[in-house]
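See below for the structure under consideration.
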Amino acid sequence: MAEGRTHAWDDDGFDDRVPFLARLEKEDRVALLAIGRPLKYRARGVLMHQDEPSTHVLLLLHGWTKVTALAANGYEALLALRGPGDIIGEGAALSGRHRSATVTALEPVEAVAIDQNRFTAFLSGNAPVALQLLGLATDRQRSTDRRRLEWAALSVRERLAVLLLELVRTHGTRTEQGIELAIGLSQQEFAGSVGSSREAVARLLKELRARKVVATERRRIVVLRPDVLRRIIGESAA
């Protein structure tokens with residue numbers, strides 16, 4: 001691998017940045033959680049719907065979610081994965097606009113919901129927390145901009161390899177067979193992430209299976225040869 005962190009996926013992947021709650025001082029974190037109410041969601045349950053009015057924000061405590069957006073032509077893009085310590089819905093809460101994306105639980109999720117008015121009032125009286133939220137928004141935008149710039153030069157095959165390596169690093173569990181991705185995404189969700197069609201992603205996964213780079217079942221992928229994925233995106237084998 002090249003020296004230094006020169007790509008967006010090296011230090012700003014889907015979910016390996018510092019989450020919001022981890023950025024706060026303990027007393028601020030405790031105070032913020034105290035003004036909310038606990039909620040639980042089942043796997044595949046929807047936490048927030050795109051285009052609905054904002055009423056609250058969610059602080060995720062346990063479990064992972066996917067953030068997706070539906071375009072006018074029906075194309076669904078996977079925008080991000082959010083997990084423990086993350087905040088979701090804050091953009092709509094602060095802007096007063098409708099939600100820009102749908103958030104769905106990928107596994108059982110525990111969260112704390114804070115009413116929009118209580119959340120904005122808390123930020124008004126707590127500058128350090130407001131600054132940390134601003135820093136998070138800046139980091140997310142930076143990651144998005146870098147990814148958009150760098151992915152423009154990558155093929156769909158290379159983007160898929162990048163995504164698989166991100167998930168190996170952030171959600172990989174080593175097994176006797178290989179590195180199992182502990183977060184289940186469908187082929188459509190992979191397609192939405194890499195900006196391609198489900199059919200194209202299915203063909204690429206079939207190719208990787210034939211080369212024994214990955215093994216797949218329904219919503220289950222085991223990476224057998226991460227070194228091949230690195231070569232696909234132009235990195236040297238580990």
Notebook entry, point to check: According to a 4.5 Å side-chain heavy-atom criterion applied to Ile, Leu, Val, Met, Phe, Trp and Tyr, with indirect links allowed, do I35 and L59 form part of one hydrophobic cluster?
Noted result: yes

Note to self: I'd like to know if L181 and V222 are part of one continuous hydrophobic network [Ile/Leu/Val/Met/Phe/Trp/Tyr, side-chain heavy atoms within less than 4.5 Å].
What the structure shows: no

Check: So do the side chains of S193 and L163 get within less than 4.5 Å of each other, counting heavy atoms only?
Finding: yes

Checklist line | Straight-line distance of W64 CH2 to H171 NE2, nearest 0.5 Å | finding: 4.0 Å

Notebook entry, point to check: Which pair of heavy atoms, one from P84 and one from H62, lies closest together, and at what distance?
Noted result: CG-CA, 4.2 Å

Notebook entry, point to check: Do T55 and D115 have side-chain heavy atoms sitting under 4.5 Å apart?
Noted result: no

Check: Can R174 and E180 be counted as an ion pair, charged N to O under 4.0 angstrom?
Finding: no

Notebook entry, point to check: Measuring from F119:CZ to L32:CG, what's the distance to the nearest 0.5 Å?
Noted result: 6.5 Å

Notebook entry, point to check: Which value, rounded to the nearest 0.5 Å, describes the distance between I88 atom CD1 and L58 atom CG?
Noted result: 4.5 Å

Next item on the list: Test side chain to side chain contact (heavy atoms under 4.5 Å, CB included) on K212 and V228 and set out the steps.
Entry: CA-CA 10 Å; K212 299 189 183 305; V228 175; over 6 Å; no

Next item on the list: Start with the C-alpha gap between R230 and L165, add the side-chain angles, then the distance that decides, and say whether side chain to side chain contact (heavy atoms under 4.5 Å, CB included) holds.
Entry: CA-CA 8 Å; R230 295 187 187 99; L165 285 174; 3.8 Å; yes

Check: If only atom types and distance count, is the side chain of R159 paired as donor or acceptor with the main-chain N or O of W151 below 3.5 Å?
Finding: yes

Note to self: So does S155 get a backbone contact from the side chain of E158, meaning a donor-acceptor N/O pair under 3.5 Å?
What the structure shows: yes

Notebook entry, point to check: Minimum heavy-atom separation for R42 to A105, with atom names?
Noted result: O-CB, 3.4 Å

Check: Between R82 and D86, which heavy-atom pair has the shortest distance, and what is it?
Finding: CA-OD2, 3.5 Å

Check: Are side-chain N/O atoms of S54 and R97 paired as donor and acceptor at under 3.5 Å?
Finding: no

Next item on the list: In sequence, state the C-alpha distance, the side-chain angles, and the governing distance for Q50 and R99, and then conclude on side chain to side chain contact (heavy atoms under 4.5 Å, CB included).
Entry: CA-CA 5 Å; Q50 182 176 345; R99 302 200 189 282; 5.7 Å; no

Margin query: Nearest 0.5 angstrom please: L224 CG to I179 CD1, how far?
Written below: 9.0 Å

Notebook entry, point to check: Is the shortest heavy-atom distance from the side chain of D28 to the side chain of N126 under 4.5 Å?
Noted result: yes

Note to self: For a 4.5 angstrom cut-off between non-hydrogen side-chain atoms, does T216 reach R209?
What the structure shows: yes

Next item on the list: Please round to the nearest 0.5 Å and tell me the distance separating atom CZ of R148 and atom OG of S143.
Entry: 10.5 Å

Next item on the list: Indicate the atoms forming the closest heavy-atom contact of I114 with G36, along with that distance.
Entry: CG1-CA, 3.8 Å

Check: Taking atom CZ of R220 as the centre, does the number of heavy atoms from other residues, nucleotides or ligands within less than 6.0 Å exceed 12?
Finding: yes

Notebook entry, point to check: Do you know the tightest heavy-atom contact between L136 and F20?
Noted result: CD2-CB, 3.8 Å

Checklist line | Distance, nearest 0.5 Å, that separates OG1 of T102 from CG of L79 | finding: 9.5 Å

Note to self: Do V162 and I232 make a side-chain contact, defined as non-hydrogen atoms from C-beta onward lying under 4.5 Å apart?
What the structure shows: no

Checklist line | Criterion side chain to side chain contact (heavy atoms under 4.5 Å, CB included) against L47, the qualifying member of T104, T65, V67 | finding: T65

Margin query: The test is salt bridge (charged side-chain N to carboxylate O under 4.0 Å, His left out); show your working for E90 and R140 and say whether it passes.
Written below: CA-CA 13 Å; E90 77 285 356; R140 286 179 176 176; 2.9 Å; yes

Notebook entry, point to check: Can you list the steps and then say if E207 with R157 is a salt bridge (charged side-chain N to carboxylate O under 4.0 Å, His left out)?
Noted result: CA-CA 10 Å; E207 173 190 314; R157 175 181 282 101; 2.7 Å; yes

Notebook entry, point to check: Is there side-chain contact between V103 and V46, with heavy atoms separated by less than 4.5 Å?
Noted result: no

Notebook entry, point to check: Between L185 and L167, is any pair of side-chain heavy atoms under 4.5 Å apart?
Noted result: yes

Check: So, for A113 and L39, which heavy atoms are closest and what is the spacing to 0.1 Å?
Finding: CB-CD1, 3.5 Å

Note to self: So L208 and L164, do their side chains get closer than 4.5 Å, heavy atoms only?
What the structure shows: yes

Next item on the list: Check the pair V129, L24 against side chain to side chain contact (heavy atoms under 4.5 Å, CB included), reporting the backbone distance first and the verdict last.
Entry: CA-CA 7 Å; V129 174; L24 305 183; 4.2 Å; yes

Next item on the list: Would you mind checking if E189 and R44 are paired as a salt bridge, meaning a charged N to carboxylate O distance below 4.0 Å?
Entry: yes

